[in-house]
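Here the structure is laid out as structure tokens; the discussion comes afterwards.
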Amino acid sequence: MRLILFIFLMWSAVATAETRLALLISNEKYPEKAAGSNLFGPLGKAHRDREQMAEALKQYRFEMTEVLDADKDKMDAALVAFTEKLEKSGVDSVGVIYFVGHGAEVGGKLHLIPTQEKLADDKAIKNRTVSADELIDRLTTGIENGKNQGVRLLILDACRSRIKTRGVNERKVDLNAHGALVGYAAASGKEAVDSDDSYTMHLTKQMKLNGHLKIEEVFKKARIELAKASGNNQISLEYGGLLGDFCLDNCQSNPLEKDLKAKEQELADLKQKLAQNITNPNEINELKKRLEAIEKQSGMSGMTSNDGMKGMSSEPQPKKTQIKSIDYDNWRELKTFTGHSFYVSSVVFSPDGKTALSGSEDKTLKLWDLETGNALKTFTGHSGYVNSVAFSPNGRRALSSGGHSLKLWDIATGKELKTISGHSALVNSVAFSPDGKTALSGSNDKTLKLWDITSGKELKTFTGHFGDVYSVAFSPDGKTALSGSEDTTLKLWDLETSNALKTFTGHSDYVFSVAFSPDGKTALSGSRDKTLKLWDLETGKELKTFTGHSSSGVKSVVFSPDGQRALSGSYDTTLKLWDIASGKELKTFTGHSGWVYSVTFSSDGQRVLSGSCDKPAGIGGCQEGGFKLWGAP
């Protein structure tokens, strides 16, 4: 019963200097659903989706007004004020209205559901909501009376609950006449999910990556990705047609793609020369130097291996951790820890294995006694979801990410020691260096940052990803780092020079999680394409693909301390244990009833933690977040 409304007002072929306005409304806190008295209950991720849309629009210079949990009066007032402002902003202005919340289809008409309304029947829905048709009337007034020469584009992502007639009946003829376009994230009668696979997530991804394309192409790419992720159960569609071309950015070929292709061609030419029978050592060395320089500049080093370049770098690798053999066949769920009011997005063991730290979308961290199951401390202070937590190597400090910042905590006292700021968007992942002196963070601003823990100062910024950075990790020797991104790639970084040493391509969707092997020679990645992949860090080659998860999104991956096993957590609510050498699935752990966001091994390899929500509420909601401890009894 979730609805997203997203409206552009535009007319110029290339939008570069015009006024850009956006109104973003997200409704999440609906009254509890009760039989006979209310058709709609609370939602789980509306505000998160609004934040994603805000970040995408900021990239293209939109001035934004954001409204949270609006009742009908508040929605009406916000829409009137915005449309009046838009009408006065000039004939070449661009406007966006974005709504995320419940929606209902009655009599073939779509209605946006305000908060505070207990709607028990169709009559109440018609009389006490904001209909999509009303909104179209407001926004097309400027065209009809000649004040604007704009084109209206509406995108409706709705499950269309309470359906009484089939088919999309909203204003097709009028929209064509006015040069407007309406896009639906799902056909009439289909449900749009409130999850990490929502239409907003697909659409904002394409907006961020493809601002140089015509807006119709952006929607098409989102449609393809959404269909793929849903197994063709949800397919978006559009009606009407724009009178001119519009791109969020200048309509042109992506300069990054163009530069990348040029470097790929130059690499191919150099490798072809190296393959020839060149006998002059000086010429060979010069070609190799040029090849290495181009690879480092472009972050493509090691993408191909038959180039005569193997062995150019031979840093000593740390020895493998020696771990006692483990009989995983006897493993089972040992304990469930509850106390968070929303998803546990990250959970880690303390270095001594006696306690655990959990971070949750309820904006708190908690420290737990693993023996008794008691919560020892609650850390409060973040204003947004806590996406990632990490213990310092000595176990005395903790790092967490929430909103646009990181926070450093004292474990013994529970006090916040420092807030570390510098990112311009959500921080998704944090990690301590092996010596505990620095920290890494990955953000939706498409960068990684290296921080000095003592001072809180930013030491370096790493740029090169085309999409949000979802995961970061330090190598065991602390000299390199890995990152996984929305742009479907992993990158290996030199922490001293800030150069991207290699870019790993092979996943077909977001890379949610990355991990180094204990010896630092290989890496694991988990993706929304439902797979894990194993990579050779020296050559850049993909060594294995692990398949078996049934739902889109391998959210978390980790190596066992001996490097012989891998563990993954997925949106299919399971954990899976894999054999690294053979690529075979060894065991599936079931017991969670919500998405598994985080998995981790204890330092001795004898136990595992997994974070999730074990009391889901509606679509994407959560009544109680928690995590589980697994191992031999």
Side-chain angles (χ1 to χ4, degrees), residues 2-6 24-28 43-59 96 98-101 103 155-159 183-186 190-211 218-236 248 343 345 361 384-385 387 425-429 442-446 465-471 484-488 507-513 526-530 551-556 570-572 594-595 597 619-622:
R2 178 175 177 275
L3 167 69
I4 300 171
L5 174 61
F6 163 45
L24 280 65
I25 303 173
S26 59
N27 284 350
E28 196 171 273
L43 286 174
K45 296 182 180 295
H47 296 333
R48 179 213 60 183
D49 281 355
R50 173 187 45 78
E51 290 175 357
Q52 290 287 334
M53 183 59 71
E55 288 171 13
L57 292 173
K58 279 180 183 177
Q59 185 174 325
V96 174
Y98 171 85
F99 174 89
V100 55
I155 310 300
L156 302 166
D157 183 351
C159 66
Y184 296 89
K190 297 293 184 180
E191 184 170 331
V193 297
D194 183 39
S195 74
D196 281 348
D197 261 335
S198 69
Y199 184 56
T200 294
M201 304 300 281
H202 289 286
L203 182 59
T204 54
K205 172 187 174 182
Q206 297 305 326
M207 288 168 64
K208 292 174 186 177
L209 295 177
N210 295 296
V218 175
F219 298 144
K220 181 179 179 181
K221 285 179 176 290
R223 178 165 63 251
I224 292 170
E225 293 299 314
L226 179 63
K228 186 192 303 180
S230 66
N232 290 329
N233 288 323
Q234 186 176 341
I235 300 175
S236 58
L248 291 167
Y343 274 94
S345 52
E361 292 184 358
Y385 295 166
N387 294 319
L426 291 175
V427 181
N428 295 309
S429 181
S443 167
N444 283 0
D445 63 15
K446 306 179 185 179
H465 279 298
F466 300 155
D468 301 346
V469 178
Y470 288 133
S471 181
S485 171
E486 178 186 44
D487 65 15
T488 75
H507 283 296
S508 61
D509 213 324
Y510 304 166
V511 176
F512 281 139
S513 183
S527 170
R528 196 164 72 167
D529 65 13
K530 307 180 188 179
S551 181
S552 62
V554 175
K555 189 66 176 174
S556 181
S570 169
Y571 288 136
D572 64 12
W595 303 323
Y597 270 39
I619 303 172
C622 179

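Just so you know, residue 1 is the first one in the sequence shown, and it goes up from there. It should be emphasised that the depicted structure is a prediction, and the values quoted were computed from it without experimental measurement.
- A 4.5 Å side-chain heavy-atom check between V554 and R528 finds every atom pair outside the cut-off.
- Rounding to the nearest 0.5 Å gives a distance of 10.0 Å between CG of L57 and NZ of K208.
- Taking every heavy atom of both residues into account, E361 and Y597 meet most closely at OE2-CE2, 3.4 Å.
- A distance of 5.0 Å separates OH in Y510 from NZ in K205, rounded to the nearest 0.5 Å.
- Minimum interatomic distance between L203 and A222 (heavy atoms only, all atoms of both residues): CA-CB, 4.0 Å.
- The pair K228-E225 counts as a salt bridge, with a side-chain nitrogen and a carboxylate oxygen less than 4.0 angstrom apart.
- Taking both residues in full, the closest heavy atoms of S570 and G553 are given as OG-O, 3.1 Å, listed atom of the first, atom of the second, then distance.
- Here the closest heavy-atom approach between residue L226 and residue H202 is recorded as CD1-CD2, 3.7 Å.
- Expressed to the nearest 0.5 Å, how far CZ of F466 lies from CD of E486 amounts to 12.5 Å.
- From S345, atom OG reaches atom NZ of K555 across 9.0 Å, with rounding to the nearest 0.5 Å.
- Across all their heavy atoms, D509 and S527 have their closest contact at O-OG, 3.2 Å.
- Between S26 and the options R50, E51, R48, a side-chain hydrogen bond (donor to acceptor under 3.5 Å, both in side chains) holds for only R50.
- T204 contributes no side-chain N or O that, together with a main-chain N or O of M53, makes up a donor-acceptor pair within less than 3.5 Å.
- For the atom pair OG (S485) and CZ (F512), the distance works out to 11.0 Å, reported to the nearest 0.5 Å.
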Test side chain to side chain contact (heavy atoms under 4.5 Å, CB included) applied to N27 and F99, step by step: CA-CA 8 Å; N27 284 350; F99 174 89; 3.4 Å; yes
Side chain to side chain contact (heavy atoms under 4.5 Å, CB included) assessment of I25 paired with Y98: CA-CA 6 Å; I25 303 173; Y98 171 85; over 6 Å; no
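- When the side-chain contact (heavy atoms from CB on, under 4.5 Å) test is applied to N444, the partners found at least two apart in sequence or on another chain are Q52, E55, A425, L426, N428, D468, Y470.
- Within the model, atoms OG of S508 and CG of D529 stand 4.0 Å from one another, a figure rounded to the nearest 0.5 Å.
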